[in-house]
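Heavy atoms only: backbone and side chains are in, while hydrogens, waters and symmetry mates are out. Just so you know, ligand 1 is whichever comes first in the structure, and atom 1 is the first atom listed for that ligand. This one's a predicted model, so the numbers in the text were calculated from it and none came from an experiment.
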Amino acid sequence: MTGAAPHGLRVEHLDEPLGLGTTSPRLSWRLPDGAREQHAYRLTTDDGWDSGWVEGEEHVLVPWPGPALSSAQRVAWRVRVRTDLGASPVSVPAWFETGLLHATDWSADWIEPGTMPAGPAGERAAALLRWEFDADRPVTSARLYATAQGLYEAFLDGARIGDAELTPGYTQYDRRLQVQTLDPGPVAPGRHALAVVLADGWFRGQTGVTRSADQWGDRVAFLAQLHLTHDDGTVTVLGTGPGWRSATGHVTAADLIAGERWDLTRLPRGWDAPGFDDAGWDPVTVAEHGSGGLVDSPAPPVRRVEEIVPVSVTRVPSGAQVADLGQDVNGWVRLTDLGPAGTTLTLTHGEWLGPDGDVTVEHLRPDLPFLPHPLPAGQVDVVVSAGVAGEAFEPRRTTHGFRYVRIEGHPRDLRPDDLRGVVVHTDLRRTGTFTCSDPRVDALHEAAVWSFRGNACDIPTDCPHRERHGWTGDWQLFVPTAAFLYDVAGFSTKWLRDVVADQWPDGTVANVSPCPRAEGRESPVSFLNGSAGWGDAVVVVPWELYRAYGDTRVLEETWPAMVRWLDRAERMAREQRHPDRAARRPEPAPHERWLWDTGFHWGEWLVPGEEVGDFGAFVAADEGVVATAWFAHSAGLLAEIAAVLGRDDDAARYAGLAARVRAAWQAEYLDGDGRLVSDTQADHVRALAFGLVPGELRPAVAERLVELVREAGTHLGTGFLATPYLLPVLADAGHLDVAYELLLQDAEPGWLVMVDRGSTTVWEHWDGVDAEGRPRDSLNHYSKGAVVSFLHRYTAGIEPLEPAYRRFRVRPRPGGGLTSAAATHESPYGRIASSWRVDGDRFALTVEVPAGTQAEVVLPDGTATTAGPGTHTFPSALEDAA
Ligand code: BGC
């Protein structure tokens, strides 16, 4: 037995999960450094279970091979491996713990505040709930299983339980509600108080661009069970029920969109500690809210992940003070000096400043054809001070997308150190970095990272302010990029379960998930759902998770929903014709059976200079060229997915479908000379990216794309859907130079304009801030930031060849005058790195290959080699000799 032990033990896509909801979790570990392959593994648990040596090379997502798991079971496990290096020592232990796995584990009752906070959404107070109990015997460990319809924050004897924010998180509450398993810390014998702040959150508060409220119910409720384990192994189970009392207190309003208001003069001091006199409080209402659909979360929780000291605080003409965090974030501000008792402070959060240096939020107000008038931007917090020194304001029942905050009403000049920007998002593991010799490219990369961070608040959102919705299209187009930056496996799996829960019986995938009623099947805007390139998220996202993380279970789980989505496209293509086409061609051509040209489609969406204009015409437009392309692409992916799942008949069926849809696309959208009928950059990009044109036409289509780029003055002309593929298809077609020219273009439209105009995040529109500095719509939409995957995949050249990067390619493509670049990627097998430097006409590459993997290294001079685990350096000429 020699060498290092396996390490990096994980369960599902988490490190040491508390409250797992599955009885067959998958385990992963990394091999000792330098090992090429695993021959066998051996798992043991602290309670004496031993798998014995199990032959096999799998060590990523290995299904739990141990004895059946029960509820609330804690398992400490270790692993040894036999590899080409021999038998390893045993790893350090890791643990996981199951949650309450069965509905019958629940004995607690749902409780509602005795007096339901009333008023219009945005104006509703948070309820305070409290209850005291006695621990009559010593407690060795305690767990709180908790959830809410609304948002809850729980305290034991005044101390916050856990560090998760915005619990229970956002899911399709009609079907799925997450339960948190929390460790409240030591519980000494004696009297204790459990206290809960319960607010509207997504469940009852405003959601989305319509600002609709009461989307899942009009009553907030809380459910919790406290399990106290004693040294003899017995468990005392306590929980929510009739003994609890409620009141409203200092949180006078709380809403995710509008913001939060506190009046600290109304804080019932001591309410969260035992012994508080709650005689005047209301008894809670015990109500039936069901215990079906209670689930765990496969994602890490939302947390306060970082604090930022503002770079400045300045006075504006109105007398208010404006703090600049120097970074556009999702989160809130913590303020510790609230002024003398009775001082009212108003905090307005925004992304940009007007000409007077004051915060402007006009551009964030929803203003859409189907809304009566621009709605409020929200993001306003108010706090009334109680004059208690050091008492902090931190609005934990809302988050804002902001860089600047206007503070009105503070009696003194604030210094940056008086406040903190608190960055709040899903606490994802960072897995990828990129840097290069061009600081503006680095700044663009950083802006894309921050836009993702700003939009990973329990669900992948489009923007953190105006809508904060889980737009399907946005996530499908960004997920491959996100997977270079963070471990988004659990986060995406959670969201996909909502996408599946939201799917209509006819296969329509909702625009946003979780989908509130106001935007769903029964809503006045129901016709906007089911768009190509948006609904395809149900195919693309699981596929990307398989590629990046080797997760086949997510493919299995989502398969039926993928099939329903494709069936719908197939049916619509077969049964319907776009009225414009029918008018032009009364008798349908045979290929039209496979042409998807009906239903509403967002189309390419937001190409430079595009205005929606006449909404009726926009909705009625024939987007067959985009929809049929996506139909072919997704059918092709289903064929690949079916093959992975061993569904051979389905693989053949979908390969056939993809070929027919591709042929239909060609019949309709290629003219007799092999040119695309739709002469846009985006359609050329799609034709190349989705393999829609016959191989012999590819060079000509790529040439035409380059011409279109040149005709636009070497500017991009793509919007949402094609932008992620633009630079890759150019590079793949032999136009790497054009790809770099577009990347480095600094006149509008182009990515570097965002950086040059001082943005720290990626804009929704190419002209998000115009030359005069005027903002337009959201300044924090990650979609266009998908370009940075080019930096990882092409500039640094890291690309998976097999799922989870078990085999990967490193093929750096230097260009754009860059003299060096470096990227790292924490793959499921371990750390991959590629870094290169140009010196005159010489090029030197260093590659790190993790244990258990193999890299195919392709140098700029065309040389290809294979590299096993370890660090390797390769000199090369800069040019391909051929
Ligand atoms: C959202 C998106 C979304 C789009 C649909 C917008 O209002 O912000 O990013 O994908 O609508 O086209």
Side-chain angles (χ1 to χ4, degrees), residues 206-212 257 328 330 351 363-371 374-375 377-379 401 448 451-452 454-457 459-479 481-482 495 499 502 508-516 518-520 523 525-538 540-541 599-608 610-613 615 617-621 623 626-627 630 682 718-724 761-768 775-786:
Q206 298 179 79
T207 60
V209 77
T210 62
R211 305 292 190 250
S212 306
I257 298 258
D328 200 338
N330 183 55
E351 299 191 285
H363 62 111
L364 295 178
R365 299 179 61 182
D367 185 8
L368 295 169
F370 50 84
L371 298 175
L375 298 170
Q379 310 215 93
S451 264
F452 177 50
N455 283 292
C457 191
I459 60 162
T461 58
D462 57 333
C463 54
H465 28 53
R466 188 190 64 215
E467 305 191 29
R468 44 188 313 152
H469 254 344
W471 276 93
T472 46
D474 303 46
W475 188 235
Q476 74 77 10
L477 68 85
F478 193 75
V479 70
T481 309
W495 179 79
V499 172
D502 276 323
T508 301
V509 171
N511 268 329
V512 301
S513 273
C515 187
E519 299 184 32
S523 76
V525 290
S526 63
F527 65 93
L528 294 175
N529 290 283
S531 165
W534 271 256
D536 292 282
V538 77
V540 173
V541 177
F600 168 77
H601 300 286
W602 296 103
E604 172 60 17
W605 189 241
L606 302 189
V607 298
E610 178 183 276
E611 301 294 338
V612 167
F615 189 62
F618 170 71
V619 169
E623 291 286 355
V626 177
W630 274 94
T718 52
F720 261 47
L721 293 181
T723 294
T761 43
V762 176
W763 303 333
E764 179 176 18
H765 298 273
W766 290 113
D767 57 350
R776 173 179 182 208
D777 289 325
S778 156
L779 303 183
N780 197 357
H781 252 66
Y782 48 57
S783 49
K784 292 179 166 72

Hey, does T207 have a side-chain heavy atom less than 4.5 Å from the side chain of H469?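 In short, these two side chains touch, coming nearer than 4.5 Å.
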Do V509 and W534 come within less than 4.5 Å of each other through their side chains, counting heavy atoms only?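 Result no, sub-4.5 Å side-chain heavy-atom pair not found.
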If we set the cut-off at 4.0 Å for heavy atoms, which region of H469 has an atom near ligand 1: side chain, backbone, both, or neither?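 Answer for H469: neither.
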Working to the nearest 0.5 Å, report the span between CH2 of W602 and CD of E623.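 Here the rounded value is 11.5 Å.
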Let me confirm one number: the OG-CH2 distance from S783 to W471, rounded to the nearest 0.5 Å.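 With rounding to 0.5 Å, OG (S783) is 12.0 Å from CH2 (W471).
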Run the contact test for R466 against ligand 1 with a 4.0 Å cut-off on heavy atoms, strictly below, and give the result.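 Judged by the 4.0 Å heavy-atom criterion, R466 does count as contacting ligand 1.
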Where is the nearest protein heavy atom to [atom]: which residue, which atom, and how far?
atom: atom 1 (C) of ligand 1; result: D462 OD2, 3.3 Å
atom: atom 9 (O) of ligand 1; result: D474 OD2, 2.6 Å
atom: atom 7 (O) of ligand 1; result: E467 OE2, 2.5 Å
atom: atom 4 (C) of ligand 1; result: W605 NE1, 3.6 Å

Parallel, tilted or perpendicular for F527 and F600, by the 30°/60° rule?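 Correct class here is perpendicular.
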Evaluate side chain to side chain contact (heavy atoms under 4.5 Å, CB included) for V541 paired with W495, printing each intermediate quantity in order. CA-CA 10 Å; V541 177; W495 179 79; 4.1 Å; yes
Output the list of atoms in ligand 1 that are nearer than 4.0 Å to some heavy atom of [X], sorted by atom number.
X: H781; result: 1 (C), 2 (C), 8 (O), 9 (O)
X: F720; result: 9 (O), 10 (O)
X: E764; result: 8 (O)

Give me the atom names and distance for the closest heavy-atom approach of F720 to E764.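 That would be CE1-O, 4.1 Å.
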W471-ligand 1 polar pair, N/O distance under 3.5 Å: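 No - when backbone and side-chain N and O of W471 are compared with those of ligand 1, no distance drops under 3.5 Å.
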Can you confirm, on distance only, whether ligand 1 has an N/O atom lying under 3.5 Å from any N/O atom belonging to W534?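 Yes, there is a polar N/O contact under 3.5 Å.
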Please check if any side-chain donor atom of H465 sits under 3.5 Å from a side-chain acceptor atom of E351, or the reverse.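 Note: H465 and E351 side chains meet the donor-acceptor criterion.
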